[in-house]
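A quick write-up on the structure given underneath.
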There are 2 protein chains.
Amino acid sequence: MENDMTDTGSRRRVTIREVAERAGVSMATASRALSGNHPVPAATRARVLRAARDLDYVANAHARALVGGGRKMAAVVVRQVTSPFYAQVAEGVEAEAADRGWLCVVGATGGDPQREMEFVQLMREEGARLVILVGGVVEDEAYRSRVAHYAQALDSSGARLVLCGRPAPDPDIPALVVEFDNEAGARAITGHLLSAGHRRIVFLGALPGNTALDARVAGYRAALAEHGLPPAAARVVDCGLGRAAGLRAMTELLKETREFTAVVAGDDMVAAGALRAIADAGLGVPADISVVGYNDIPLAEDFNPPLTTVRTPAEELGRAAVRIALRDPEHAAGSRHLLGTHIVVRKSVAPPPTDGGLTPV
Amino acid sequence: MENDMTDTGSRRRVTIREVAERAGVSMATASRALSGNHPVPAATRARVLRAARDLDYVANAHARALVGGGRKMAAVVVRQVTSPFYAQVAEGVEAEAADRGWLCVVGATGGDPQREMEFVQLMREEGARLVILVGGVVEDEAYRSRVAHYAQALDSSGARLVLCGRPAPDPDIPALVVEFDNEAGARAITGHLLSAGHRRIVFLGALPGNTALDARVAGYRAALAEHGLPPAAARVVDCGLGRAAGLRAMTELLKETREFTAVVAGDDMVAAGALRAIADAGLGVPADISVVGYNDIPLAEDFNPPLTTVRTPAEELGRAAVRIALRDPEHAAGSRHLLGTHIVVRKSVAPPPTDGGLTPV
DNA sequence: CCCATGTATGAAAGCGCTTTAACTTCCTCT
DNA sequence: AGAGGAAGTTAAAGCGCTTTCATACATGGG
C-alpha cells in the first residue's frame with residue numbers, strides 16, 4: 001500500500017470514485033459491482049471488490065439513501081427501555097429488523113407526548129420506513145389527533161405506522177394495530193383465581209382511559225360475571241402501573257379493608273409492589289392473599305413467591321409488528337391483529353384461607 | 001391550502017426549494033433560516049418558517065448529513081437489550097444523546113463477535129460519530145485484534161470508540177475506556193460478608209478471561225486476604241453469568257458440599273438463580289446461607305429475600321460514556337475512567353448460622 | 001454480409017441540502 | 001462626496017452515490 005508509513009489519521013473517507021479508479025473501471029460499474037443492483041461479469045466484479053477491500057472502502061449510507069429515496073430503517077418508540085416488557089418488544093423489533101438487514105433505532109419518550117412527537121418528526125427526517133409506537137395510552141382527544149397526525153405525516157413520507165397495544169382512533173387511518181388480547185388474558189387469569197375458590201378479588205392498577213388496562217379490567221369483570229357474581233363484586237383500584245404505584249396502593253388498601261382474598265395486578269411490576277406491601281403488612285402470599293400479575297416478565301419467577309401471571313410473548317409482539325407491517329403493506333394498513341396469551345402457573349395462588357378470609361363479612 | 005381535497009397519499013417529499021419559492025427567497029436563504037447555521041433577519045426567517053409549516057416541510061437528514069460530512073449519531077452495542085443492566089446503560093446513552101439532540105441507535109449482538117463486527121461496519125456506513133461497546137469479554141487474541149480493527153476503522157471514519165466494561169488491548173489504541181471499579185466493588189461486598197462473621201464464602205459465576213468478572217474475583221480474593229484468610233479459603237465457581245447458570249451451578253454445588261455459609265454472585269441474575277436453587281434445596285436465605293449480588297438491578301429488591309448487592313449506576317455509566325467521549329475528544333481517547341459503586345444492604349445477609357454451619361468441618 | 005439482439009461499460013444527470021464566493025444595497029466614516 | 005464596510009441575499013458548486021441513456025462491441029439469424 002502506498003500510505004504505509006504516512007499519516008494514518010486521514011479523516012477523508014474513501015469514495016467509490018477511488019475504488020473505481022483503482023479497479024480501472026467507471027464509477028457506474030463500481031457501483032453496480034458493489035451494490036449488486038445490476039449484473040456485472042464475475043471478473044470485473046472481483047476486481048472492484050478487491051480494490052474496495054484494499055482501500056478499506058465504506059459505502060456512504062447517506063449518499064445511498066439520498067439517491068435511493070429512502071432506506072431500510074425501522075423505529076420503535078417506547079416509554080422506557082428499562083421496563084422489561086418494553087425491552088422485550090424492542091428486542092423483537094430489533095431482531096426481526098436485523099434479520100432483513102434493516103437498521104433499528106429505539107426512542108424513549110418517558111411517557112411524554114411532546115417527546116413522542118419530536119421523535120416521530122426525527123424519524124421522518126431520517127427517512128424511517130416503519131415507525132412502531134408501543135404501549136397503552138389513555139385515548140383522549142389529544143391522543144386521537146396526535147395519532148391522526150402521525151399517520152398522515154408518516155404516510156406522506158412513505159412510512160408505515162404500527163400501533164402496539166394502543167388503539168387506532170379511526171378505522172380509516174392508515175395504521176396497523178398489533179396487540180395482545182388483553183380482555184381474554186385478564187378473563188383467563190381471573191378465572192384461574194375463581195376456580196381456586198376466590199370470590200372477593202380486587203383488580204389493582206387500573207388506569208381509566210388506558211385502553212390496554214381497560215381491556216384487562218373488562219376481562220376481569222367478564223370473568224366475575226361468568227362465575228355468577230354480581231357486578232358489585234368487582235373492586236377496581238385505579239392506581240396506575242409501576243412497582244411504586246402497586247406498593248402504595250396495596251398498602252393503603254390493606255389499611256382500609258381486608259375483605260378480599262386475591263388480587264389481579266395490572267401488570268407484573270404492580271404485582272411486585274403489591275407483594276412487598278402484603279409482606280410488609282405481615283401477611284403471606286398465597287396463604288392469606290393470592291396475587292396474580294400480567295406479562296410474565298423474566299424475573300416474575302424470582303418474586304416472592306414466584307408469580308402466577310399471564311404470559312404475553314413480548315418479543316413476539318415486536319417481531320409480529322415488523323413482520324405484518326412488511327409482509328403485505330397495502331393490506332395491512334388499517335387492520336388489527338390480536339396475539340394470544342396464556343397463563344403461567346407458579347406459586348402465588350392458593351385457595352382462599354379456610355377460616356373464611358381475613359375479615360369475614 | 002391548495003391540496004385540500006386532492007390526493008393525500010402524495011409520496012414525494014416537500015423539498016427546501018419549494019419552501020424557498022413559497023417564501024419568495026432563494027434556497028440558500030431558506031436553508032439558513034431553517035437550519036440556523038447563519039443569521040437571517042427575523043422577518044425573512046419568519047416568512048420561511050411559515051412557508052415550511054404550511055407545506056409540512058421535513059428536512060432530509062441524508063442530504064444534510066451528506067453535505068455536512070457526518071451527523072450527530074451515537075451507537076450503543078450490547079449483548080441483549082432485555083438484560084436489565086444493559087438496558088439501563090443503553091437508556092443512559094440514549095438520554096445523554098437525546099439531551100444534545102443526537103440520535104441513538106442500539107444494536108444487540110447476542111454475544112456473537114460476528115454480529116458485533118457487522119454492526120460496527122454498519123455504523124461506519126451510517127456515519128455514527130460515537131460507538132459504544134458495552135459489556136465484559138474474554139480478552140483473547142481474537143478480541144484484541146477485533147478491537148484494534150474497530151479502533152483503526154472508526155478513527156479513520158472520524159468516529160470515537162468507547163469501551164464500557166471491557167479493556168483496551170493496547171494503551172496506544174484511540175479508544176476511551178469507561179467502567180466500574182469492579183475490584184473495589186467486589187472487595188467491599190465480600191468485606192460486608194466477612195464483617196457479618198462469614199469465613200467460608202464462595203464466589204459463584206466467574207468467567208475466567210472475562211475482565212469484568214476477573215476483577216470481581218480479584219476483589220473477592222483481596223477481601224479474603226485483608227481479613228487474614230489464606231488464599232485456599234477462596235472458592236470460585238466458574239459457571240458464567242445468567243440466571244440459568246446460577247441456578248444450575250448452585251444446585252450442583254449444594255449437592256457436592258455445604259461447607260460454606262455465604263455466596264458472592266457474579267451478578268444479580270446469578271444471584272436470582274442461586275436464591276432459587278437454595279430455596280429448592282429447602283434451605284433459607286439468609287438463615288442458612290447469605291447471598292449477595294452485583295449490579296443492583298431494579299428488581300433486586302423484589303427477590304426473595306430482597307437482595308443485598310453492589311449498586312453500579314448503569315444509566316450513569318451510559319451517560320458518562322457519552323459525556324466523557326464528547327467533552328474533550330482529543331484528550332479522552334486512550335484514557336480510562338473508573339466509576340465508583342457502593343453496597344446496598346437489604347435482607348439477604350445475616351451472620352452465619354450459630355450451629356457452626358450446615359456441615360461443620 | 002448486414003441488421004437485430006444482447007451484453008458490458010461509461011458519461012452524466014441529479015437525489016436534497018449546505019456553503020462559498022460574489023453581488024447588491026445601504027450605511028458610516030473621513 | 002466617495003471609499004470602505006456591513007448586512008442581506010443569491011447563483012452555483014458539490015457532498016457520494018445510483019441510474020438512465022448512450023455507446024461499443026460481440027453474436028447469430030436472414
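Values below: every heavy atom of this structure, side chains too, minus hydrogens, waters and symmetry copies. Letters A, B, ... are given to chains in the order of the sequence lines, protein chains preceding strands, and every chain is numbered from 1. Because the structure is predicted, anything quoted here is derived from the model rather than measured.
A donor-acceptor contact shorter than 3.5 Å links the side chain of B:Arg47 to the backbone of B:Ala23. A side-chain donor-acceptor contact under 3.5 Å links A:Arg115 to the backbone of A:Ala108. Judged by distance alone, with hydrogens and angles left aside, the side-chain atoms of B:Arg124 form a donor-acceptor pair with the main-chain N or O of B:Ala153 at under 3.5 Å.
Around atom CZ of A:Arg79, no more than 12 heavy atoms belonging to other residues, nucleotides or ligands sit under 6.0 Å away.
In the helix from C:dC1-D:dG30 to C:dT30-D:dA1, the terminal helix axes, each the rotation mapping four pairs' C1' atoms onto the next four within five end pairs, subtend 50°, rounded to 10°.
Interface remark: the A:Arg32 side chain does form a donor-acceptor pair with the C:dG10 base, using a distance-only criterion of under 3.5 Å.
Counting non-hydrogen atoms under 4.0 angstrom, A:Ser31 reaches a base of the nucleic acid. At the heavy-atom level, B:Ala59 lies under 4.0 Å from the strands shown only through sugar-phosphate atoms.
If you take CD of A:Glu18 and P of D:dC15, they are 11 Å apart, rounded to a whole angstrom. Atom C1' of nucleotide C:dG16 and atom CG of B:Leu55 are separated by 15 Å, given to the nearest angstrom. Atom CD of B:Glu21 and atom P of C:dG16 are 13 Å apart (whole Å). Taking atom CZ on A:Arg13 and atom P on D:dG16, their separation rounds to 9 Å, with Å as the unit. Rounded to an integer number of Å, the gap from CG of B:Asn60 to P of D:dC15 is 18 Å. Taking atom CE of B:Met27 as the reference point, atom C1' of D:dA13 lies 11 Å away to the nearest angstrom. Atom CG in B:Leu66 sits roughly 13 Å away from atom C1' in D:dA13 (whole-Å rounding). At whole-Å resolution of the value, CD1 in A:Ile16 and C1' in D:dC15 are 14 Å apart.
Note that OG of B:Ser157 is 10.0 Å distant from CD of B:Glu125, once rounded to the nearest 0.5 Å.
Counting heavy atoms from C-beta on, the side chains of A:Arg319 and A:Ile324 never come closer than 4.5 Å. No side-chain heavy atom of B:Val78 sits less than 4.5 Å from a side-chain heavy atom of B:Val89. At a threshold of 4.5 Å between non-hydrogen side-chain atoms, the residues A:Asn60 and A:Arg13 count as touching.
Between A:Arg64 and the phosphate of D:dT18, there is a side-chain N or O to OP1/OP2 separation shorter than 4.0 Å. A:Ser26 has no side-chain polar atom (N or O) that falls below the 4.0 Å cut-off from OP1 or OP2 of C:dA11.
Among the nucleotides D:dT19, D:dT9, C:dC15, the one closest to any side-chain atom of B:Thr44 is D:dT9. Side-chain atoms of B:Val67 lie closest to C:dT18 of the nucleotides D:dT18, D:dG16, C:dT18.
In terms of position along DNA chain C, the nucleotide closest to B:His62 lies nearer the 5' end than the nucleotide closest to the other residue of the pair B:His62 and B:Thr29. Nearer the 5' end of DNA chain D, as judged by each residue's closest nucleotide, is the contact made by B:Val25, out of B:Val25 and A:Thr15.
Proximity of residues 34-43 of chain A to DNA chain C (heavy atom under 4.0 angstrom from any strand atom) is restricted to A:Pro41.
Using a cutoff of 4.0 Å between basic side-chain nitrogens and carboxylate oxygens, B:Asp54 and B:Arg50 are scored as salt-bridged. Residues A:Arg166 and A:Glu139 are not paired through a salt bridge, judged by the lack of any N-O separation under 4.0 Å between the basic side chain and the carboxylate.
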* I would like to know whether B:Thr82 and A:Glu91 meet side chain to side chain donor-acceptor pair (under 3.5 Å); could you show each step before the answer? => CA-CA 7 Å; B:Thr82 43; A:Glu91 183 152 287; 3.2 Å; yes
* To do: Assess whether salt bridge (charged side-chain N to carboxylate O under 4.0 Å, His left out) is satisfied between A:Glu18 and A:Arg22, documenting all intermediate values.
  => CA-CA 6 Å; A:Glu18 297 164 62; A:Arg22 186 183 180 102; over 6 Å; no
* Structure fact -> Each nucleotide of nucleotides 22-27 of chain D classed B (base within 4.0 Å of a protein heavy atom), S (only sugar-phosphate) or -, in 5' to 3' order, makes ------
